[in-house]
Amino acid sequence: MKAPRGHNASAPNTDSTVFFLSGIPGLEDFHIWISIPFCCIFTVALLGNTLLLYVIKTDITLHKPMFYFLSMLGSVDLVLSLTTMPKTLCIFWFRAREISLNACLVQMFFLHAFSIMESAVLLAMAFDRYVAICHPLRYNTILTHSMVAKVGLVALGRAVLLMSPLPFLLRWLPYCGSHVISHCFCEHMGVVRLACSNTRFNNIYGIIVAFLVVALDLTFIFLSYAKILRAVLSLASRDEQLKALGTCISHLCAMLIFYTPVVLSSIIHRFGHQVAPHIHILLTNFYLLFPPMMNPIIYGVKTKQIRECILRLFHRKSFQRV
């Protein structure tokens, strides 16, 4: 697709500046077929997270810190799905590739801010498991409702604080060459590559944010689970050990699903210059699509209280129809 010629490098960007999202470069002829699994995953993510939030809100037995954190995770997953997938499906179905500069920056802000927030929520859930296993008698005094609310506000505040400078920095960069973003959505480095001025500060800032979020969050999660493992191994019976570890399985699965594609995508982006572009883009879509779909499934299957509440809900609905 031929993009319009850019404007003068010295001219400021205007509200009429338009970018073009290419979708998945090299696989344009297969966009319709690719849209089928994308749409299915998107639908499951919306339904699964909405059901999860409804169950947690309506069942008073789930009004506990662990499930409050889970509702935060479901809310973040909903925002991430709604931020990227509608536009991606429009590209696949209708070739609606145009996106204004302001819309692009808004999408980029929500995409990265809520990805950072998801990492913070996963860290908070690791802390929840640490307190539950290592300090069970103090669980209710440490993780009070006000403490959970403060953790959620801190997670949101950190994400907004770290991401707020990016739209303003990118807003004033000159884009005098191609306006084609080789992606399904606006992500930071995809937009930075189109600038025709020095973008060293943007690159350095992006690396620092990635390090602060992924490296630090993973470090604290690792420390939490090291203490959890030490506490579990000190338990007398094997049954007690398995029961304690069983409460962490869902969270461990959620972390692997979220962090593995993030780390792989970052490595490929920085060092995998020989990797085909569509591989990197598919991997990026994977970490934005797969966790929102899998998290409610994992917690719905692995968490006994949620599983029982969902079964009661469907049983009640079926009974009402009869």
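Closest non-hydrogen pair, Ala159 versus Ala113, comes out as CB-O, 3.1 Å. Contact record, Ile181 with Cys186: CD1-SG, 3.9 Å, taken as the closest heavy-atom pair. Minimum heavy-atom separation, Cys309 to Asp59: SG-OD2, 2.9 Å. In plain terms, the two heavy atoms of Gly23 and His31 that are nearest each other are CA-CE1, 4.0 Å.
Applying the ring-ring contact (aromatic ring centres under 6.0 Å, His included) criterion to Phe30, with sequence neighbours excluded, gives no partner residue. Evaluation of the salt bridge (charged side-chain N to carboxylate O under 4.0 Å, His left out) rule for Arg129 yields no partner, not counting sequence neighbours. Under the rule for a ring-ring contact (aromatic ring centres under 6.0 Å, His included), the partners of Tyr225 that lie at least two apart in sequence or sit in another chain are His251.
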ring-ring contact (aromatic ring centres under 6.0 Å, His included) assessment of Phe20 paired with His179: CA-CA 6 Å; Phe20 296 85; His179 282 204; 7.6 Å; no
Full working for side chain to side chain contact (heavy atoms under 4.5 Å, CB included) between Tyr259 and Ile221: CA-CA 12 Å; Tyr259 283 113; Ile221 289 172; 3.8 Å; yes
ring-ring contact (aromatic ring centres under 6.0 Å, His included) assessment of Phe220 paired with Phe127: CA-CA 9 Å; Phe220 285 118; Phe127 178 70; over 10 Å; no
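One distance of note links CG of Leu27 with NE2 of His278; it measures 5.0 Å at 0.5 Å rounding. Atoms OH and SG, on Tyr299 and Cys253 in that order, are 8.5 Å from each other to the nearest 0.5 Å. Taking OG1 of Thr17 as the start and CZ of Arg171 as the end, the distance is 6.5 Å to the nearest 0.5 Å. Put simply, OG on Ser71 and CG on Leu53 are 6.5 Å apart, with the number rounded to the nearest 0.5 Å. Separation of atoms CD1 (Ile24) and OG (Ser182) is listed at 12.0 Å; rounding is to 0.5 Å. Residue Phe286 holds its CZ atom at 10.5 Å from CZ of Phe38, rounded to the nearest 0.5 Å.
Note on Met147 and Met66: same hydrophobic cluster, where clusters join Ile, Leu, Val, Met, Phe, Trp and Tyr whose side-chain heavy atoms are under 4.5 Å apart, directly or indirectly. Follow the hydrophobic side-chain contacts under 4.5 Å out from Ile34 and you reach Phe94 in the same cluster.
A 4.5 Å side-chain heavy-atom check between Thr84 and Phe110 finds every atom pair outside the cut-off. Put simply, the side chain of Leu51 reaches to within 4.5 Å of the side chain of Leu313, judged on heavy atoms. Gln305 has its side chain within reach of Phe67: a pair of non-hydrogen atoms, C-beta onward, lies under 4.5 Å apart. Side-chain contact between Asn202 and His188 is present, with at least one heavy-atom pair separated by less than 4.5 Å. When side chains are defined from C-beta on, Leu78 counts as touching Leu46, because their heavy atoms get closer than 4.5 Å.
A donor-acceptor pair under 3.5 Å is absent between the side-chain atoms of His183 and the main chain of Val191, judged by distance alone.
Environment of CZ in Arg95: sparse, with no more than 12 heavy atoms of neighbouring residues, nucleotides or ligands closer than 6.0 Å. At most 12 non-hydrogen atoms from other residues, nucleotides or ligands lie less than 6.0 angstrom from CD1 of Ile60.
Salt bridge annotation for Arg158-Asp217: present, with a cationic side-chain nitrogen under 4.0 angstrom from a carboxylate oxygen.
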